[in-house]
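First up is the structure itself, then whatever we jot down about it.
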Number of protein chains: 2
Amino acid sequence: MVNQLVANIKRTNAPIVVGLDPMMNYIPKTICNKVFAEMGETLEAAAEAVWQFNKGIIDMIYDLIPAVKPQIAMYEQFGIEGLKVFQKTCAYAKEKGLIVIGDVKRSDIGSTSAAYAVAHLGKVQIGSNRYSVFNEDFATVNPYFGTDGIAPFLDVCKEEKKGLFILVKTSNPSSGEFQDRLVDGRPLYEWVGEQVAKWGEECMGEEYSYIGAVVGATYPEMGKILRKLMPKTYILVPGYGAQGGKAKDLVHYFNSDGLGAIVNSSRGIIAAYKNEKYASFGEEHYADAARQAVVDMIEDINTARG
Amino acid sequence: MVNQLVANIKRTNAPIVVGLDPMMNYIPKTICNKVFAEMGETLEAAAEAVWQFNKGIIDMIYDLIPAVKPQIAMYEQFGIEGLKVFQKTCAYAKEKGLIVIGDVKRSDIGSTSAAYAVAHLGKVQIGSNRYSVFNEDFATVNPYFGTDGIAPFLDVCKEEKKGLFILVKTSNPSSGEFQDRLVDGRPLYEWVGEQVAKWGEECMGEEYSYIGAVVGATYPEMGKILRKLMPKTYILVPGYGAQGGKAKDLVHYFNSDGLGAIVNSSRGIIAAYKNEKYASFGEEHYADAARQAVVDMIEDINTARG
């Protein structure tokens with residue numbers, strides 16, 4: 001799947017991913033009012049509003065970008081109805097030719113990790129049948145358990161030719177609390193990064209490994225070091241835009257081939273119409289605003305990778 | 001909710017929790033064959049089999065124990081249908097007076113963590129309505145993000161009087177890969193443990209904090225140190241039984257009040273009938289075997305806490 005991701009990035013010339021992390025207050029009132037009128041202020045209605053919002057965005061930007069990254073928490077908060085829309089969003093994005101990075105941050109050990117891997121990337125066996133469930137192309141996972149927690153995901157990735165992005169250095173202000181602590185003179189995230197590269201050796205695609213890393217845009221100096229520690233690792237970069245990461249900070253997240261990193265923006269794209277810069281589109285044209293924000297982001301990022 | 005947990009533990013005199021982590025191969029053939037005959041070898045059928053299995057177990061053991069811990073991965077692998085059964089299992093266990101510890105190991109940052117907290121412990125706002133979704137009493141969470149990842153969970157816990165168990169030292173063999181690394185001469189898990197105690201100060205119940213910790217039974221020396229570092233923190237102890245943890249190893253997980261720890265067994269209880277010791281119950285009487293295994297486990301653990 002990393003080969004497909006690279007192919008999509010080359011085709012679109014856009015090393016970016018759009019985070020489909022809908023919050024109720026991003027969704028235009030016209031959509032909300034309509035579904036609430038039809039279905040009441042219910043979980044079903046909220047989920048339907050999210051779906052309509054997502055579909056509007058995907059339809060308007062799918063030709064410009066290689067991938068989307070739905071954040072499952074934003075769907076899970078609406079329970080079963082929300083998770084149905086997560087599944088539907090993943091399937092629809094794939095229909096449109098997009099790579100789906102499930103931002104699920106799952107992790108556990110042994111048979112439990114295996115069950116998560118099956119749920120998100122693999123197929124579950126029931127009697128003599130096998131079913132894909134959420135069927136993402138990549139999933140994000142947390143490394144705190146060490147190899148036992150990751151190995152069952154690697155097994156499924158090998159079988160299904162799917163991939164992971166493993167948290168190395170997260171974009172949030174307090175990420176250093178544990179991740180930056182010095183171990184034998186080097187910060188923990190470097191040890192995690194090295195281990196990610198090692199896990200990745202088992203799952204090599206053509207140029208890059210199926211096993212990627214998450215490194216926040218908000219820590220460019222660390223990104224530079226991690227890029228070198230993990231040369232064959234694709235880096236998923238959150239924290240651009242709304243969280244403060246700037247394109248010029250991202251130069252060193254890319255390899256000299258112009259590849260190796262994919263930069264995420266969520267709010268900055270899907271809620272672009274709320275930004276002064278795109279306010280003239282108006283709430284009803286939220287998807288057009290998103291398209292313009294994608295165009296601008298691609299240009300911004302591409303100046304950075306030179 | 002920690003007050004209720006302590007009350008339940010005192011009432012049952014059983015500092016144990018039963019992990020409802022059903023695997024298809026734990027479920028007696030009579031149940032599977034019946035649902036497959038009725039519904040085909042489908043996701044719906046698998047989920048229904050899990051539900052019938054769980055209900056059988058809960059009905060047979062609810063009077064003996066304070067709490068259950070459904071592992072969401074085992075449900076998530078069956079997709080939407082599985083998650084419906086997760087929700088139904090949580091609700092049914094609560095009806096029976098049990099505390100529900102959602103073993104969900106969620107974590108993220110900011111509004112994403114807030115969405116997970118809402119999904120599992122809180123209420124989601126839709127227009128002027130508020131809905132509980134999965135509605136567990138406690139949830140397990142991963143500390144890798146630091147305070148930014150935990151704070152939104154703490155907010156919901158305060159509002160809803162619910163609780164967390166934060167991963168400190170996990171029970172798996174490779175947990176040391178990152179968790180044991182020395183930082184300023186002390187293993188990382190001690191730093192995490194101290195931070196958990198600090199987070200917990202904001203959410204005190206009567207004797208213990210609403211914010212607990214996960215410390216594996218398989219590392220008793222570390223458990224002893226962590227017990228002292230986090231005196232007001234309830235410790236959820238996985239790894240007893242099937243993973244190799246023994247009751248005598250658990251002495252130091254308890255405080256001198258006989259409280260402060262709750263020991264989990266999953267497979268050892270719910271699949272007891274597959275164990276030679278309980279094989280005479282037979283597959284059809286899997287729930288009776290589970291009850292006997294609970295009785296034996298309580299006795300075993302209580303000799304340890306003296």
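Per chain, numbering begins at 1; letters A, B, ... match sequence-line order.
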**Request:** Using the side-chain contact (heavy atoms from CB on, under 4.5 Å) rule, pick out the option among L121(A), L236(A), T140(A), V214(A) that qualifies with L164(A).
**Result:** L121(A)

**Request:** Pick one of side chain, backbone, both or neither for T42(A), based on which atoms fall under 4.5 Å of a heavy atom in chain B.
**Result:** both

**Message:** For the NZ atom on K34(B), are there more than 12 heavy atoms of other groups (residues, nucleotides or ligands in this structure) within a distance under 6.0 Å?
**Reply:** no

**Fill in**
If one checks every heavy atom of Y144(A) against chain B at 4.5 Å, the contacting part turns out to be both

**Request:** Measure F145(A) against the heavy atoms of chain B and call it side chain, backbone, both or neither at under 4.5 Å.
**Result:** both

**Item:** Heavy-atom contact with chain B under 4.5 Å, split by part of F134(A)
**Value:** side chain

**Complete:** Under 4.5 Å to a heavy atom of chain B? For L188(A) that would be side chain

**Under 4.5 Å from a heavy atom of chain B, the part of P238(A) involved** = neither

**Message:** Side chains of Q71(B) and D21(B) only: does a donor on one sit below 3.5 Å from an acceptor on the other?
**Reply:** no

**Prompt:** Does the side chain of K162(B) come under 3.5 Å of the side chain of N135(B) through a donor N or O and an acceptor N or O?
**Reply:** yes

**Message:** Can you tell me which portion of N172(A) sits under 4.5 Å from chain B's heavy atoms? Options are side chain, backbone, both or neither.
**Reply:** both

**Asked** Where does T170(A) contact chain B at under 4.5 Å (heavy atoms): side chain, backbone, both or neither?
**Response** side chain

**Residues D180(B), Y219(B); criterion side chain to side chain donor-acceptor pair (under 3.5 Å); working and verdict** = CA-CA 11 Å; D180(B) 293 3; Y219(B) 299 102; over 6 Å; no

